[in-house]
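Beneath this line is the structure, given in structure tokens, with notes to follow.
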Amino acid sequence: MATVHKINEDLVKERQKCTFNVQELTYLLDGGEEVTKERREFENILRNVKELQDEVPEVYLSHKERYENAVRKTCILQNVRNDFEKKREVLSPRNIFRAGYAVIKDVSPFFLHNGMFVPTIIGQGTPEQQAEWLPKAKAMAIIGTYAQTELGHGTFIRGLETTATYDAKTEEFILNSPKVTSYKWWPGGLGTTVNHCITVAQLYINGKKYGIHPFIVQIRDLETHKPLPGIKVGEIGPKMGFATANNGFLGFQNFRIPRKNMLMKNAQVLKDGTFVKGMNEKLTYGTMVMVRVNIVSDSAFHTAMAATIAVRYAAVRHQSQLKAKEPEVQIIDYLTQQHKLFIAIATSHAFSNTYTWLYQAYLKVVEDLGKQKQDHLPELHALSCCLKATSSRDAGVIVEQCRLACGGHGYMASSNLPIIYGYTTAAITYEGEHTVLLLQTARYLMKAWMSALEGKVLAPSVAYLVDWLKSDKQRWQNTPEVIVKGFQHVAAGKIKDAFDAIQKHVKAGKDYEDAWNLASVQLIKASEAHSRAILCDGYLRETVRTSSSVSPSLAKVLNHLVQLYIVYWTLETAGDLLVYSNIGKDDIAVLKEKYEELLALIRPNAVGLVDAFDISDEILQSTLGSYDGRVYERLMEEAMKSPLNKEPVNQSFHKYLKPFIKKAKL
Ligand SMILES: CC/C=C\C/C=C\C/C=C\C/C=C\C/C=C\CCCC(=O)SCCNC(=O)CCNC(=O)[C@H](O)C(C)(C)COP(=O)(O)OP(=O)(O)OC[C@H]1O[C@@H](n2cnc3c(N)ncnc32)[C@H](O)[C@@H]1OP(=O)(O)O
Ligand SMILES: Cc1cc2nc3c(=O)[nH]c(=O)nc-3n(C[C@H](O)[C@H](O)[C@H](O)COP(=O)(O)OP(=O)(O)OC[C@H]3O[C@@H](n4cnc5c(N)ncnc54)[C@H](O)[C@@H]3O)c2cc1C
């Protein structure tokens with residue numbers, strides 16, 4: 001039986017101070033009591049699977065051992081999940097995503113199977129294609145990934161070089177990788193795990209190029225797992241993080257696949273080689289839109305993990321004296337520490353709230369597309385790009401801030417903050433590089449601005465541009481509602497400036513594309529300001545909406561958090577607000593005080609707030625952040641697991657050090 005340890009006294013006291021019902025907040029964050037119960041039940045089952053306990057911490061395994069262990073455990077996880085789902089409802093993707101951490105610690109080599117392979121079959125396949133591949137993929141009789149990026153191109157996907165040439169005689173596509181730069185590079189699980197992949201390739205029919213399309217390709221033998229003839233596949237090697245994601249490369253040499261393997265929900269190739277255009281060629285990019293929406297949720301979770309670790313640690317850790325002769329204080333009582341940490345909690349809430357409405361918007365667009373309606377697609381694309389970009393970047397900054405807030409111990413692998421950082425920082429690049437996605441949104445914003453000038457009705461997320469043009473800046477008040485308007489004014493002002501900069505360059509004789517490039521720093525700033533306005537507006541609206549359905553004590557805390565988020569960003573972007581809104585210097589002084597007041601109001605609830613994220617110790621994997629707060633004991637216990645501590649004298653002493661010292665003495 002596992003030993004039950006006493007909970008750290010500071011944490012006990014912190015939990016006693018909490019002014020709201022932690023469980024109530026957990027239910028709210030999960031989306032309902034039932035979802036929490038399902039999650040806890042599943043996590044509890046996993047906790048008791050003996051084979052999932054690591055004898056040696058993963059960090060001490062070699063690259064190869066670590067991967068093999070991850071495959072072993074993912075297979076067990078999948079079996080446990082299958083058994084669970086036989087008896088109950090299918091687990092929500094968010095719950096399975098969270099539970100995965102308890103098992104894999106880093107990124108699963110099967111991640112892209114559920115994250116992108118299955119969704120692409122659903123989103124890009126015809127009903128017949130779905131009937132053929134979905135049951136096998138869902139049952140994991142076939143395992144796949146999403147192979148789009150190549151050595152030469154990741155961002156500019158119209159420039160992909162893998163070719164799929166149609167042969168009408170045999171009704172097959174012939175896949176080729178003509179150059180080293182055309183090799184697929186990066187797909188998760190591709191290295192040595194998957195046997196199928198969605199390959200994005202340039203379609204050629206009778207010598208004519210028809211752009212990029214998705215193809216479902218079997219790359220390994222289902223029995224032997226050997227690469228099929230014509231396939232060159234392997235792993236790309238160690239990275240900054242993603243140690244067990246098994247990212248791979250892939251090349252084709254005259255590799256034939258049947259015509260039916262082109263996913264044809266959008267464009268089609270008929271038997272005789274006739275190409276039938278789809279409603280909108282950008283629908284081929286649909287899986288990326290879905291994953292970008294999901295990354296907002298991932299960012300919320302990673303921020304919550306880091307906040308949980310750093311807040312609990314800050315409550316347990318005592319360092320320095322505030323006043324002479326008094327005991328050393330809990331570091332959470334330093335205002336600078338609260339400044340670093342409470343924004344992490346609020347940010348996670350901001351992203352969770354954003355994900356809730358963004359996901360609904362995504363579902364609506366999918367439903368509309370089913371009815372051949374695509375009016376809301378450009379707005380969704382613009383929103384998903386800037387919110388993915390901003391949420392992943394903010395999450396990266398916050399995770400690092402939490403690590404720094406843990407001092408030296410935050411640098412220990414056993415704090416788990418390095419792995420969390422490796423993950424969040426990767427998300428800034430994958431699924432559309434940060435700057436590139438901000439520029440996609442900027443493209444939409446420039447069009448929206450033009451429409452606003454022409455007096456047209458705008459989509460809801462940019463309707464503030466019309467208001468801004470109609471009424472001049474409203475009288476400033478230090479209320480969340482008016483501050484959000486202020487953020488919209490900043491966004492509108494920056495959008496106008498970027499638009500004017502482009503026009504200026506065009507008037508000076510530049511091509512539009514060159515003018516765009518010359519204005520692109522302003523364009524990304526406009527996009528960032530738009531994101532912040534959207535995040536603050538959505539977070540405030542959702543908080544107001546939920547506040548009426550929760551207990552008054554919880555509503556109060558949620559209100560403190562949203563205010564903290566808004567005031568924090570007001571102070572961070574005070575320069576912009578001074579330029580583009582009616583805020584005055586005196587208002588900034590008032591808001592600085594307000595910010596300090598909010599830190600003080602949140603302080604007694606800090607531990608309760610991170611407890612409400614309900615991230616189990618198995619998922620958190622952190623010596624610094626466990627529920628019981630046994631920080632120092634755990635650090636020591638983990639250190640003792642180092643293989644270097646298994647023998648009193650390491651062999652390197654006899655081999656190298658002893659002769660070296662001897663020589664040095666002479
Ligand atoms: C709830 C969560 C719970 C659980 C989670 C469960 C699972 C986890 C889920 C996900 C995580 C899974 C895995 C994570 C780990 C790793 C995953 C990493 C995977 C990858 O990275 S896959 C590769 C991703 N690659 C990219 O993103 C490439 C980026 N580049 C592009 O998208 C494009 O090339 C481009 C948009 C930059 C440019 O394309 P283009 O040149 O063709 O287009 P233009 O710039 O000329 O624009 C033309 C026109 O088209 C519009 N447009 C562009 N894209 C889209 C789109 N996607 N949809 C709609 N419209 C689009 C654009 O706006 C232009 O319109 P306009 O009217 O002409 O202005
Ligand atoms: C951990 C990880 C996992 C991944 N998993 C997958 C996967 O499963 N499947 C898959 O297909 N891919 C995957 N990728 C690839 C990923 O999607 C690409 O790396 C990403 O889209 C960026 O493309 P790139 O590498 O070509 O960057 P580049 O486009 O070469 O970016 C380099 C620099 O150029 C700038 N730049 C490029 N174009 C422009 C422009 N138009 N305007 C201004 N600046 C520009 C960028 O801002 C950046 O600063 C993964 C990547 C990582 C890191």
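Whatever order the structure lists them in is the order used to number ligands and atoms, beginning at 1.
Ranking protein heavy atoms by distance to atom 63 (O) of ligand 1, first place goes to His381 CD2, 3.3 Å. Nearest to atom 20 (C) of ligand 1 among the protein's heavy atoms is Glu431 OE1, 3.1 Å.
Side-chain atoms of Leu465 and Val462, non-hydrogen and from C-beta on, do get closer than 4.5 Å to each other. Put simply, the side chain of Asp368 does not reach to within 4.5 Å of the side chain of Gln374, judged on heavy atoms.
With hydrogens and angles disregarded, a donor-acceptor distance shorter than 3.5 Å links the side chain of Ser384 to the backbone of His381.
Counting heavy atoms only, Leu439 comes closest to atom 42 (N) of ligand 2 of the residues Leu439, Thr425, Leu438. Of all the listed residues (Trp186, Tyr285, Tyr359, Phe156), Tyr285 holds the heavy atom that lies closest to atom 39 (O) of ligand 1. For the residues Tyr423, Tyr430, Tyr444, the heavy atom positioned nearest atom 18 (C) of ligand 1 is part of Tyr430. Nearest to atom 22 (C) of ligand 2 by heavy-atom distance, out of Met288, Glu433, His153, Met116, is Glu433.
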(request) Would you sort out whether Arg532 and Asp394 count as a salt bridge (Lys or Arg N to Asp or Glu O under 4.0 Å), showing the intermediate values? (result) CA-CA 11 Å; Arg532 193 64 62 202; Asp394 285 0; 2.9 Å; yes
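In this structure, atom 15 (C) of ligand 2 has protein heavy atoms in its sub-4.0 angstrom surroundings. Under the 4.0 Å distance rule, the nearest protein heavy atom to atom 34 (O) of ligand 2 falls outside the cut-off. Protein heavy atoms all stay at least 4.0 Å away from atom 25 (O) of ligand 2. Within a 4.0 Å radius of atom 2 (C) of ligand 2, the protein contributes at least one heavy atom.
Counting heavy atoms closer than 4.0 Å to ligand 1, residue Tyr355 contributes side-chain atoms (C-beta onward) but none from N, CA, C or O. Contacts with ligand 2 closer than 4.0 Å are made by heavy atoms of both the backbone and the side chain of Thr155. When non-hydrogen atoms are compared, ligand 1 lies under 4.0 Å from the side chain of Met288 (C-beta onward) but not from its backbone. Contacts with ligand 1 closer than 4.0 Å are made by no heavy atom of Glu281, backbone or side chain.
Residues Glu235 and His63 bring a donor and an acceptor atom of their side chains to less than 3.5 Å of each other.
Close approach to Val436 involves these atoms of ligand 1, each under 4.0 Å from a residue heavy atom: 37 (C). Close contacts of ligand 1 with Gln148, meaning ligand atoms under 4.0 Å from a residue heavy atom, involve 23 (C), 24 (C), 25 (N), 26 (C), 28 (C). Of all the atoms in ligand 2, the ones that sit under 4.0 Å from a non-hydrogen atom of Gly154 are 23 (O), 24 (P), 26 (O).
Between Phe42 and Phe84, the gap from one ring centroid to the other is short of 6.0 Å. When ring centroids are compared, Phe275 and Tyr204 stay outside the 6.0 Å threshold.
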